[in-house]
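Inspection log for the structure reproduced underneath, given as structure tokens.
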Amino acid sequence: MEPPNLYPVKLYVYDLSKGLARRLSPIMLGKQLEGIWHTSIVVHKDEFFFGSGGISSCPPGGTLLGPPDSVVDVGSTEVTEEIFLEYLSSLGESLFRGEAYNLFEHNCNTFSNEVAQFLTGRKIPSYITDLPSEVLSTPFGQALRPFLDSIQIQPPGGSTVGRPNGQS
Amino acid sequence: MPHIISRTPRMAQSGRPSCLPAGKNTASSVTRVIVKTPGKQEDFMIADDTSVRQFKEKLSAHFKCQVDQLVLVFMGRLLKDHDILSQRGILDGHTIHLVIKSKHSSRSLAHSSRKPSTDEPCHQDKNTKGNSSGVHQPAGANHSPVESAVSAEPGVPRMHTQGLEVLSLERIAQILENPGIQQLLSNTDFMRRLISEHPDMQQLMQPNPEVSHIFDDSDVLWQTLELARNLAVIQEILQIQQPAQNLEHPSDPQSHVGSETTRGEDKALSQNSADFNDQMLSSSHDPFGGNLFTALLGGQVPEPVQSSPPSPPPPQEWQEQLPQLPTARVIYASSRDLSSTASASATPSKANQTSRANTAASSTYGWSHTCDVEQLTGSPALPSIELTQQPQAEDKDATTSLDSSDQKLEDDLRLLDEQTGSQIAGSMTQVLLNNPSLAAQMMLCMSMPQLSEQWRQQLPALPQQTQLSDMLTALANPKTSQAILQIEQGLQLLATEAPVLLPWVAPYLWGLGWLPAPSCSYPDTVPGAWDVPDMEEPKGPESCHKSGTVLQSLQSRDGDPSHLLQAPEIRFSKQMESLHAMGFGNHQANLQALIATEGDTSAAVHKLRRSQGS
């Protein structure tokens, strides 16, 4: 039997604050944050991410965020693109609808983590997934929680994945 | 045959920690595996030596689908039917991912158009995204190219918009460096009013009353403005803005640093920007047109052809076209708007073409003149609220200090983009028209730094609404701005060629019959005391009339500077009298205090008291 194809899976990490968090977090939060992380999974030459508009995809680095600040190698997967898209469609209809987006609980990194585990069985680095709890553990984060909860992020440049006719 | 038990409550069974069973074991130990499907997960108890096939059969019964539809993934590896689960390393508590393929094959991504050729063969038997129910193979191939074309198109305007945005944002950054705008931004109260009065802002605030809370907190607003003034921070924000359309946004009262972006802000701004960006992209009008500042910027770029679009229609038209702007964006846009006016002002004086002799040119010309003056000359800007007087004041100063300004103007000119400046001017005009006090205050602020208290005292009462409307309308007259520009250009040229002749301009003004003939004196860089407010600017839309007024003001300036060139004693004579009347007898001390406070009597009083008390 021929060896199965292995597709590399990468995690694109973007710092939404473009360095501001690293500089200002000690002052504002009282703890050092290296960045405000937005992540996306890149596999099969496509970038997939979750935002307030649901699951979106684009060519790698194709959002307005530009190229990622860092790339993490998650591993490799045998999952073909076909299966993966099916999987994403199911996710987009169930767990990762656009309206399910929540900055703290259910954000782009939640999605990336989920997908990474599906594709490779491994999780994404913890400093990314721990970010919400890090912020919420500060008085600043707690104070701003109602406001922050209402924030929705959707990096422009992607097209929706999931529903056949493009509706989310 | 070991049987498979499904859906039993979690029992910590199968105590075997790690080692894989060698083939079939005697003891039928059961392993609990977690099967995870998108949206849910369930536990399954299976025997160690279950094959994948058997497992699938069980799952298919459970999930009510066919075995062929099931795809099992473990650690990124697809599980083949003949595999034994335990041989794949699936142990107790491990998670297996399950994907149930839809009955009608799979879908393709919308933007997979970039690889249509390679996908075509594979997708022959696939449906496209646009069609998931009941359409069979033949349709799939047909849809792919259509989808490719469609998906390619959105990419193009998006890229285009992106390009425009990048250009303008850089320029905005440069424009924000303008000290005049910085000063304006430092006036919290004004900024708050300006932003609140903006129609788009009000549109935004109606459904979102909490947005207005931002402005109620002066602290927050101040921090925002601090941020706006800090160019370096803005540049960073601009970079964020490009992808995520982030804007400086009031953060929180706790922040000690001038409202730098927090994570929350970022997200908020992203959200706002994302919304706005969607609107932008969907807007049929020029993609960045909704953005006030680019419109303004663009208007100042020299155009060979001086167009004279009718001024009244554009404001309304632009008003309608302007999409709803999120809070932060409006703030930023307003800031940028103001900043762009500053440098925009430079252009009119420089560029011969200048203008789209249109609202943009005229309005911004008027408004930003004060700023520009500061920028150019460092001299006190014109105090006049009356816009008509501003241009001529600017003329005056420009003529007298062209050298440094020339270069700067050139630079400013180059900075400006080729968007429709009138758009922003239109909306700004509306705002100002509706709020004459706001306009007056803006003039005040823009010229505040240099001007200080002196002329502030002498400022007349805020012009009546009608006056201001007339002024703005007059300014909106393209011919008006043309005339002003020509005057300014002429004066500039004269100043360059023969500064000594500048005073002789006065006779020409007299010749127009508008002006009395006061004692001629050297034009002075410091307008200083501004007696012009006494001069009621006659109302009238005609441009020549307006020019006359400008010249008239210019002439009056002629008279004043000489006055001002004299000793501060004379400049501050009124204030000195006041101080004397208050009981400060020390003439020298009074004079010093007045000089230090530039004629602000009350400030001088404080100063004197402090010095006396100490």
Next item on the list: Quick one: do A/L6 and B/R77 satisfy side-chain contact (heavy atoms from CB on, under 4.5 Å)? Show the steps, please.
Entry: CA-CA 9 Å; A/L6 279 184; B/R77 302 293 178 264; 3.6 Å; yes
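Environment of NZ in A/K123: sparse, with no more than 12 heavy atoms of neighbouring residues, nucleotides or ligands closer than 6.0 Å.
Taking the side chain as every heavy atom from C-beta outward, A/E114 and B/K36 approach each other to under 4.5 Å.
Using a 4.5 Å cut-off between heavy atoms, A/S25 does not touch chain B at all. With a 4.5 angstrom heavy-atom cutoff, B/I96 does not touch chain A via any of its atoms. In this structure, the portions of A/L91 lying under 4.5 Å from any heavy atom of chain B include both its backbone and its side chain.
Proximity of a side-chain donor or acceptor of A/E78 to a complementary backbone N or O of B/L78 within less than 3.5 Å is detected. Not a single donor-acceptor pair under 3.5 Å links the side chain of B/H97 to the backbone N or O of A/V115.
Of the residues listed (B/V71, B/T37, B/V73, B/V99), the one engaging A/Y87 in a side chain to side chain contact (heavy atoms under 4.5 Å, CB included) is B/V99, and it is the only one.
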